[in-house]
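A quick write-up on the structure given underneath.
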Amino acid sequence: MAQIYPIGGGKGGVGKTFITASLGALLAKSGKKVVLIDLDLGGSNLHTVLGINDQQGGINRFLDKTVKNLENMAVPTVIQNLFFISSSLCSMEIANLFHAHKLKIINAIQKLAFDYILLDLGTGTNFNTLDFFLTSNQGIFICTPEPTAIENSFRFIKAVYLRKLKHIVKQHSFHSAVKKAVIHPNHEAVTSPDIIEIVLKHDPDREMFLRNRLSGFKFKFILNQFRKNLDATIGDKIEDLCNRHFYSNFQFLGNVGYDVRIHDSVLSKKVFIHKYPYAPPAIDIKKIAEKIINTRSFIPVTG
Amino acid sequence: MKNFEGLNYYEILKIPANSTSFEIKRAYQDALSIYNEDSLVTYSLFSNEERGNLLNTVKEAYSTLIDENKRAAYDTILLDSGQIEMSITSIQNQKTPPHAHTSHMTDRDTVEERVRKKSRKKEVETLSNEILSRDLISGDDLKKMREAAGIELSEINAVTKITVTVLKSMEENRIEGLPPKLYLKNFLRHYAEILQIDSQKVIDGYLKHISSVQKK
Ligand SMILES: Nc1ncnc2c1ncn2[C@@H]1O[C@H](COP(=O)(O)OP(=O)(O)OP(=O)(O)O)[C@@H](O)[C@H]1O
Ligand SMILES: [Mg+2]
């Protein structure tokens, strides 16, 4: 079974695309068959980081049905075992993807035959991004050690968490009052505690089930552009804190150092990891790749 | 989001039950650095109210564990409810362990049973029948029933893990110290169960009382 890792995070420019490319490259170098999918619809640039001059298209041809199988859109890269599916030629309107199209993409991704599937997501917390993040029962969010990025990450986590909660209620049997509150809420801003409160009131026996389902979702995260003078324990602290205060599971994967050469290698369209395999950030990401390979695929606890 | 529900003071400070006072102080500083307003790692995660409640609980954990007498009393309760074992507590190092009988120490039911028994007295029943017949139930009413039964707040904390600060806020009708409604209801239910009174009446009566206070 493929391991799917959506890679997101609320803030722009934190390094989602860079980490997707680098992590994919290192997983491929250790012998895994990997595909990177650009799902930053309307803002795609993963092909540039990979040094690919994309003329062929990818997801657009799958959606307009000129190609039946998404797998056929995976093109090779300069790195052996590393493949890429583009969305750069998707039309401008694609950013507001139809619901049916979104489901079609998610379904096709879940059927791809690779060891690892990494999804490069866009910035923000719109429904497409959140639903792509929920393609799997695990996801990686990228953050930088700054208040603004941390603020956006927490907003992103809360949005994913709420969306997950709603999915669970929609997909399983719950009291009609609970369903109604989720599908046709009386007011706009329904929060996660609101929903849990409604469940406690109308469907108390299902609360445990809901908690178990939430705890089956694994958030992993990376602190990127980490500078030496910072407190190296921030990541562990955030992990611990989130595990205490959310029902889902959190794992800190590691810091990735700041390096000006990353920017330069993007400018020269070279894959950073390939060009500077011994640079500190390359070593940092290698450790993260090893961590990911060593995590056994887990079976979610369901009620 | 959840608060410190279900954690005892040692767990809140993330230290083992046999910690030295030096370790407790350090753990307290660490916890403050995480939950304080200017902390980077909790930046924007909590509302001011949530943060205030969490900090209060951290402070309460510290002031209990750093005080030898309070800590020994607290440890006894944890021992009785089976949350810690005799061999790892600080009590062990004292000359006379406050709790010589170890026969029932890992039995959580025992402490619950013992606390519950207290509320089975006739006069408690008369008082609670009278209070429950009212439309509004205040924190003072809760306190009266609890005191009539001779139950300590620390005992309620041992069984339900609701922190003493929150229990006090409930009894003193301090709205700003109360948890979100969802938790409050749950807490009221636990509280009522210990006193063995109708929990639905307690929840309804207390919430009505609170909202009548807020309107003023
Ligand atoms: N560890 C790092 N050290 C130095 N520069 C970095 C690092 N990681 C990323 N960058 C640079 O930061 C910029 C943004 O990176 P990237 O495009 O990967 O972010 P993103 O999160 O995908 O952005 P967007 O929200 O636009 O998709 C790039 O110029 C990249 O080269
Ligand atoms: Mg990007």
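In this text the structure is predicted, and so the values were computed from the model without any measurement. Proteins get letters first, then strands, A, B, ... in listed order; numbering begins at 1 in each. Below, each value reflects all heavy atoms present in this structure, side chains not excepted, and no hydrogens, waters or symmetry copies.
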Looking at every heavy atom in both [X] and [Y], which two are closest together, and how far apart are they?
{"X": "A/P6", "Y": "A/S136", "value": "CD-CB, 4.2 Å"}
{"X": "A/R261", "Y": "A/P280", "value": "NH2-CD, 4.1 Å"}
{"X": "A/K179", "Y": "A/H172", "value": "NZ-O, 2.7 Å"}
{"X": "A/T123", "Y": "A/G10", "value": "CG2-O, 3.2 Å"}

I'd like to know if A/D131 and A/R163 make a salt bridge, using a cut-off of under 4.0 Å between side-chain N and carboxylate O. yes
Lys/Arg-Asp/Glu bridge criterion (N-O < 4.0 Å) met for A/K286, A/E290: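 The answer is yes: the pair qualifies as a salt bridge.
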Could you tell me the separation between the [atom1] atom of [X] and the [atom2] atom of [Y], rounded to the nearest 0.5 Å?
{"X": "A/I7", "Y": "A/L121", "atom1": "CD1", "atom2": "CG", "answer": "8.0 Å"}
{"X": "A/K164", "Y": "A/F133", "atom1": "NZ", "atom2": "CZ", "answer": "11.0 Å"}
{"X": "A/R244", "Y": "B/K14", "atom1": "CZ", "atom2": "NZ", "answer": "5.0 Å"}

Any donor-acceptor N or O pair under 3.5 Å, side chains [X], [Y]:
{"X": "A/T144", "Y": "A/E146", "answer": "yes"}
{"X": "B/R51", "Y": "B/N48", "answer": "no"}
{"X": "B/S39", "Y": "B/N36", "answer": "no"}

What do the steps show when you test A/Y258 against A/F226 for ring pair (Phe, Tyr, Trp, His ring centres under 6.0 Å), and what is the final call? CA-CA 5 Å; A/Y258 179 86; A/F226 207 88; over 10 Å; no
Against chain A, work out which of B/T42, B/L54, B/V41 has the most heavy-atom pairs shorter than 4.5 Å and name it. B/V41
Is it the side chain or the backbone of A/I234 that comes within 4.5 Å of chain B heavy atoms, both, or neither? both
Using non-hydrogen atoms only, which part of A/D240 is less than 4.5 Å away from chain B: side chain, backbone, both, or neither?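 Just the side chain, heavy atoms under 4.5 Å.
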Can we call the ring centroids of A/F250 and A/F252 under 6.0 Å apart?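 For A/F250 and A/F252, the ring centres are not under 6.0 Å apart.
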Under 4.5 Å to a heavy atom of chain A? For B/E50 that would be neither
Go through the atoms of B/K185 and report whether side chain, backbone, both or neither lie under 4.5 Å from a heavy atom of chain A.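 The side chain, not the backbone.
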Close approach to chain A in residues 194-214 of chain B, criterion heavy atom under 4.5 Å: none
Ordered numerically, the heavy-atom neighbours of chain A under 4.5 Å found in residues 23-35 of chain B are B/S33, B/I34, B/Y35
Sorted by number, residues from residues 194-207 of chain A in contact with chain B (heavy atoms, under 4.5 Å):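 Residues A/I196, A/E197, A/L200 are the ones that qualify, each having a heavy atom under 4.5 Å from chain B.
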Counterpart residues, salt bridge (Lys or Arg N to Asp or Glu O under 4.0 Å), relative to B/E152 (two or more places apart): none
